[in-house]
Protein chains: 2
Amino acid sequence: MREPIALPLDQAELTADLGGGLVRRTVHPSGLRVLTERMPGARSASIGFWIGVGSRDEQAERPDAPGSLGSTHFLEHLLFKGTPTRDAFSIATEFDRIGAEHNALTAKEYTCYHAKVRDADLEVAVAMLSDMVANSVLDADEFETERGVILEELAMAADDLADVANERFFEAVLGDHPLGRPIGGWPETITEARRADVDRHYRDRYDPSTLVVTAAGAVDHDRLVAQVLAALNASPEERWHTDGSAAPVRREQVLDAAPGGAQAPGADSLDSALHREPRVQITERPSEQVNLLIGTHGFSAGDPRRFAYGIMNSVLGGGMSSRLFQEIREKRGLAYTAYSFGASYSDSGVFAMYAGTAPEKAADVVELSRVELRRLADTEISGEELERALGQIAGSTALALEDSDTRMGRLARAELGSGELFDLDASLERFAAVTPEHIHEVAATLAARPLTVVAVGEASRSSLESSD
Amino acid sequence: MREPIALPLDQAELTADLGGGLVRRTVHPSGLRVLTERMPGARSASIGFWIGVGSRDEQAERPDAPGSLGSTHFLEHLLFKGTPTRDAFSIATEFDRIGAEHNALTAKEYTCYHAKVRDADLEVAVAMLSDMVANSVLDADEFETERGVILEELAMAADDLADVANERFFEAVLGDHPLGRPIGGWPETITEARRADVDRHYRDRYDPSTLVVTAAGAVDHDRLVAQVLAALNASPEERWHTDGSAAPVRREQVLDAAPGGAQAPGADSLDSALHREPRVQITERPSEQVNLLIGTHGFSAGDPRRFAYGIMNSVLGGGMSSRLFQEIREKRGLAYTAYSFGASYSDSGVFAMYAGTAPEKAADVVELSRVELRRLADTEISGEELERALGQIAGSTALALEDSDTRMGRLARAELGSGELFDLDASLERFAAVTPEHIHEVAATLAARPLTVVAVGEASRSSLESSD
C-alpha cells in the first residue's frame with residue numbers, strides 16, 4: 001500500500017514514483033526546468049513548452065511599452081510563422097506529416113505550445129517546439145498577415161454570446177485589475193499593434209529562466225533534457241545558450257501567491273451583501289437566448305479553501321445531480337445548460353453561475369441562482385451530498401489522469417503554481433478532509449460579496465434592468 | 001509480424017486479436033448484439049448502447065405518425081427521466097456519484113447512450129444504461145418539462161451561426177431528403193410534439209433486435225453479455241425478454257448501402273457544373289463574421305472511393321498545411337479557421353468547405369475555395385503531398401485509438417454500418433492503395449456537381465448575392 005504523495009518541487013534533481021508513472025524534474029543552472037512523467041505502457045506522449053507569462057503581464061498604462069494589450073497572444077501566433085531554418089509552411093507540414101495534435105494557448109498567467117504524438121515522433125515534436133520557442137523570426141510580412149487572422153479570431157469570439165458574457169463578467173467583477181482584461185486584446189489594440197513591441201516582449205520574456213518543458217507518456221527524461229539543451233544551445237540567439245553563466249529561475253509570474261494574499265480591488269472591502277440587489281450589466285444583442293453569468297470574486301489558486309471550494313462547486317453546479325442543474329433545468333425546463341465554476345489565479349479569481357435561457361425566463365434564472373447560492377450559505381449540506389461530490393471528483397479525476405495531456409498539464413501547473421505536485425491519493429485526501437462546515441463557510445463568504453449579473457443577448461425582452 | 005485484419009462481422013460468436021486488444025462479438029438469438037474490445041492495461045472502460053435509428057427515420061409526411069420530426073431526439077432526452085425503479089434524480093446521482101463521463105447523442109442514422117467509467121464502476125454503468133434504454137416510463141410531467149429544455153437547446157443552436165450554417169447547408173444540398181432535416185426538429189414540431197407519438201416511436205423502434213451494446217477498455221465480454229441479458233429479461237416490458245422466441249436482427253437502418261447505391265435526389269443528374277456559378281443562399285443575421293459553407297453532394301459511407309475522399313479532404317482542408325488553410329489563412333489572413341469535410345451516410349452525404357470571415361472578405365473566400373477544389377480536379381497532387389496526408393491519417397488515427405471512446409464507437413459503426421471491422425493496419429493499407437489519380441477523380445466528381453454556398457451572418461455587407 002503506497003502512501004499518498006505531496007511532492008515539493010524544490011530540488012534541482014528529483015525522482016518519484018507517483019503510482020501512475022515515474023516523475024522526474026531537472027532544473028538546469030540556466031534556469032530551464034524540465035519535468036516528465038513516464039506512464040507505463042504508453043505508446044504516445046504529450047509535450048508542452050510553457051512560459052509563465054500571460055495577458056495579465058501586459059502593460060495597459062503604457063501603450064508604447066513592450067507587451068501592449070493582446071501582444072502575448074499575438075506573439076503566440078507568430079511563433080508558428082517561421083525560424084531561420086523553418087518557414088511557416090515547413091512548421092505546418094512537419095507537424096501534419098506525423099499526425100500530431102498540436103496547438104498553443106495563451107492564458108491570463110501563462111502561454112503554452114504543445115503537441116501530442118506517437119512515441120516514435122516525440123523527437124520531431126521536441127525539435128519543432130524548441131525551434132519555434134527559441135528562434136522565431138517574427139517576420140514583418142507574416143506579422144501583417146497574422147494581424148488579419150487575429151482580428152478574425154476576435155470577430156469569431158464576438159459572435160459567440162457565451163464568450164462575450166465571459167469577457168464582460170471578468171471586466172465587471174475584476175474591474176481594472178489586469179486579470180479583468182480579455183486575453184486577446186481588443187480589435188483596436190490589435191489593429192495598432194507594432195512588431196517592435198511584440199518583438200521586445202519576446203526578447204524580454206522568453207529565455208531559459210522562464211521556460212518550463214513538461215512531458216507525459218512514453219518519454220525518456222534524460223534524453224528529453226539533453227535534446228532541449230542541445231536545441232537551445234544551437235540557437236542563433238545568445239540568450240538561449242544554457243552553457244553560459246547560471247541564471248536564477250524566474251518565478252515572479254507564478255500562481256503560488258501566499259494563501260490569504262491580496263485579492264483584486266473590492267474583494268475585501270465588503271461586509272454582508274447577502275440581501276443586496278445584484279449589479280446587473282446588460283449587453284444587448286439580437287438573440288434567442290440571454291447568456292447569464294451570475295457571480296462575484298472567487299478565491300486565488302493557492303487559497304487553502306480551494307478544496308472546499310471545489311466540492312462546493314460540484315454540489316452547486318458540477319453535474320446533472322447538482323442543485324443548479326436540478327432546479328433550473330430538471331424541475332423547470334428553463335435552460336439546456338446550468339453550471340457553476342471558479343476560475344482561480346495567483347492573487348485573485350472569479351466565481352460564477354452560468355445559464356443560457358429565453359429572455360422572458362432570465363429574471364427567474366437569476367433569482368433561482370441567487371437562492372441556491374444563499375441556500376448553501378444558510379444551511380450545511382448533508383453527508384450524503386458531500387459523499388456524492390467526493391465520488392464525482394475521485395471518478396472524474398481518475399479518468400482525466402489516464403490522458404497524457406492531463407498529466408503533462410498537471411506537471412506544468414504544479415511547477416508554475418503551487419510548487420507542489422500531488423498524486424491522485426494525496427489530492428483526494430485533501431478533498432476528503434473537507435467538512436460540511438467548510439463548504440458552508442466558503443459559500444457564506446461568496447454570498448456575502450456583492451453579486452454581479454452579466455446578461456448578453458436580447459435582454460430588452462426580459463425584465464432584467466441594467467443597474468450600471 | 002501480424003497481418004492486417006479486416007474482420008467480417010458475420011458470425012454469432014467471434015473472437016479476434018486486433019493488436020490493440022481482443023475483439024469479441026456475440027449475437028444473441030433475440031437479435032441483441034454485443035461487441036467488446038479488451039484493451040491491455042486499461043483501468044477504465046467506455047460503454048455505449050446504440051440503436052440504429054436516427055432523425056432520418058422520422059416520418060415527415062404524416063405529422064400524426066409515430067416519429068414526428070424531432071421525436072428521436074426528444075426520446076433520447078426522456079430516457080434520462082426515469083424508470084419504474086429509478087426517477088430522474090436517481091439516474092443523475094448514480095452517474096455523478098461515480099464521476100462518470102456520461103451522455104447521449106442523436107444522429108441522423110443512430111442514437112447512442114454512453115458512459116466512460118473506472119473499471120470497478122462498469123457494472124453500475126451497464127445497469128443504469130440497460131434500465132434507461134429498456135424501461136423508460138416517459139412520465140407525462142417530465143415530458144412537458146423536457147419540452148422546455150429542448151426548446152432552449154434549439155434556441156442555443158440558433159444563436160450559434162456556425163450551427164445555423166450547417167443546418168442550412170444540409171437543407172440546401174439534400175433538399176427534401178430525410179437527411180436534409182435538422183436532427184432536433186424545429187421549435188414548431190417540438191412545441192406540438194405529443195407524448196403518445198414519442199412513446200410509440202420508443203415501443204416500435206427499441207427492442208433487442210435493434211440494440212447494439214459496445215464496450216472497450218477494461219471489459220470482460222462474457223460478464224457484460226450476461227449482465228445485459230439479465231437486465232433485459234428483468235424488464236417489465238415483455239418485448240425486451242430475450243429468453244423468448246428468436247427474432248431476426250433488424251438491420252434495415254444500417255449504413256452499409258451497397259457501393260454505388262442511390263444518391264440523394266439531384267446528385268446523379270449532373271453533367272459538368274465545373275464553371276457554373278454556385279447557388280448562394282443567405283441567412284441574414286447581425287454578426288461580425290459571415291459563416292460560409294461551400295460544397296455539394298458527397299459520397300455515401302460505403303462508397304469504395306471513401307479512402308481517396310479521406311485523403312482528398314486531408315490535402316484540401318485537413319490541417320495547418322492543407323491548401324485551404326494555407327491559401328485562406330496563412331497567405332492572406334482572411335479567416336481564423338478554414339477546413340473541409342465529408343459527412344457520409346448510408347445512401348448519401350455532403351462535402352463542404354468551411355470558413356468564417358468578415359463580410360467584406362466573404363466573396364474572396366468563396367472564390368478561393370472554388371479555385372482550390374477546381375485545382376484538385378484539374379491537376380494531380382504530388383507524391384510528397386500524398387505521403388504527407390498518409391502520415392497525418394496514420395498518426396492521428398493511432399492517437400485516437402488510444403482512447404477507449406474511439407474504440408467503443410468504432411465497434412458500433414462497424415456493426416451498424418459496413419459490417420466489417422478494420423484494424424489500424426488494414427485501414428491504413430486501404431489509404432496507402434490510393435493514388436494521385438484516384439484523388440483527382442474524386443475531386444473532379446465533386447467539382448462537376450453544382451456548388452452551393454450557404455452564408456449566415458451580416459451578408460448584406462458582403463458582395464454575396466442570394467441566387468435562390
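None of the values given here were measured: they were computed from a predicted structure. Here is how names work: the chains are called A, B, and so on, in the same order as the sequence lines, proteins then strands, and each is numbered from 1. Because only heavy atoms are used, hydrogens play no part in the values below, and waters and symmetry mates are left out as well, while side chains stay in.
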Would the distance check show the side chain of A:Q392 and the main-chain N or O of A:G318 forming a donor-acceptor pair, the cut-off being under 3.5 Å?
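Answer holds: yes.
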
Against chain B, label [X] side chain, backbone, both or neither, depending on which of its atoms sit under 4.5 Å from a heavy atom there.
X      : answer
A:I91  : neither
A:D160 : neither
A:A398 : side chain
A:E146 : side chain
A:E101 : both

Report task. Return the orientation label for the A:F143 and A:F74 ring planes: parallel under 30°, perpendicular over 60°, tilted otherwise. Result ->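 If you compare the ring of A:F143 with that of A:F74, the planes turn out parallel.
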
CG (B:D403) and CG (A:D403) are apart, to the nearest 0.5 Å, by 7.0 Å

Relative to chain B, which of [options] shows the most heavy atom pairs under 4.5 Å?
options                : value
A:A100, A:A394, A:G99  : A:G99
A:D121, A:I393, A:V117 : A:V117
A:S321, A:G356, A:G333 : A:S321
A:A335, A:A162, A:G457 : A:A335

Option that, when pairs with chain A are counted at under 4.5 Å, heavy atom only, ranks first among [options]:
options                       : value
B:A389, B:P286, B:A92, B:G319 : B:A92
B:A155, B:S396, B:G148        : B:A155
B:K116, B:E94, B:E144, B:R147 : B:K116

### Task
Could you go through the side-chain hydrogen bond (donor to acceptor under 3.5 Å, both in side chains) check for A:S44 and A:D119 one step at a time?
CA-CA 4 Å; A:S44 69; A:D119 45 10; over 6 Å; no

Across all chains, not counting sequence neighbours, the side-chain hydrogen bond (donor to acceptor under 3.5 Å, both in side chains) partners of A:E387 are none

Sorted by chain and number, sequence neighbours left out, side-chain hydrogen bond (donor to acceptor under 3.5 Å, both in side chains) with B:T397 holds for none

Are any of the side-chain nitrogens in A:R323 or A:E385 under 4.0 Å away from the carboxylate oxygens of its partner? yes

Task: B:R461/B:E360 ion pair, N-O < 4.0 Å - done: yes

Less than 4.5 Å to any heavy atom of chain A: does that hold for the side chain of [X], its backbone, both, or neither?
X      : answer
B:Q289 : both
B:A88  : side chain
B:S322 : backbone
B:E153 : both
B:L334 : backbone
B:F80  : side chain
B:R118 : both
B:E384 : side chain
B:K331 : backbone

Derivation of the side chain to side chain contact (heavy atoms under 4.5 Å, CB included) call for A:H114 and A:S46: CA-CA 7 Å; A:H114 59 95; A:S46 294; over 6 Å; no

Next item on the list: Give the intermediate values and the outcome of side chain to side chain contact (heavy atoms under 4.5 Å, CB included) for residues A:R332 and A:L368.
Entry: CA-CA 11 Å; A:R332 293 177 185 83; A:L368 284 166; 3.7 Å; yes

Q: Show your working on side-chain hydrogen bond (donor to acceptor under 3.5 Å, both in side chains) between B:S90 and B:D87 and close with a plain yes or no.
A: CA-CA 5 Å; B:S90 296; B:D87 63 11; 2.9 Å; yes

A:R195 atom CZ: more than 12 heavy-atom contacts under 6.0 Å:
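Yes - once you tally the heavy atoms of other residues, nucleotides and ligands closer than 6.0 Å, there are more than 12.
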
Q | Residues A:E152, B:T357; criterion side chain to side chain contact (heavy atoms under 4.5 Å, CB included); working and verdict | A | CA-CA 6 Å; A:E152 289 298 334; B:T357 189; 3.9 Å; yes

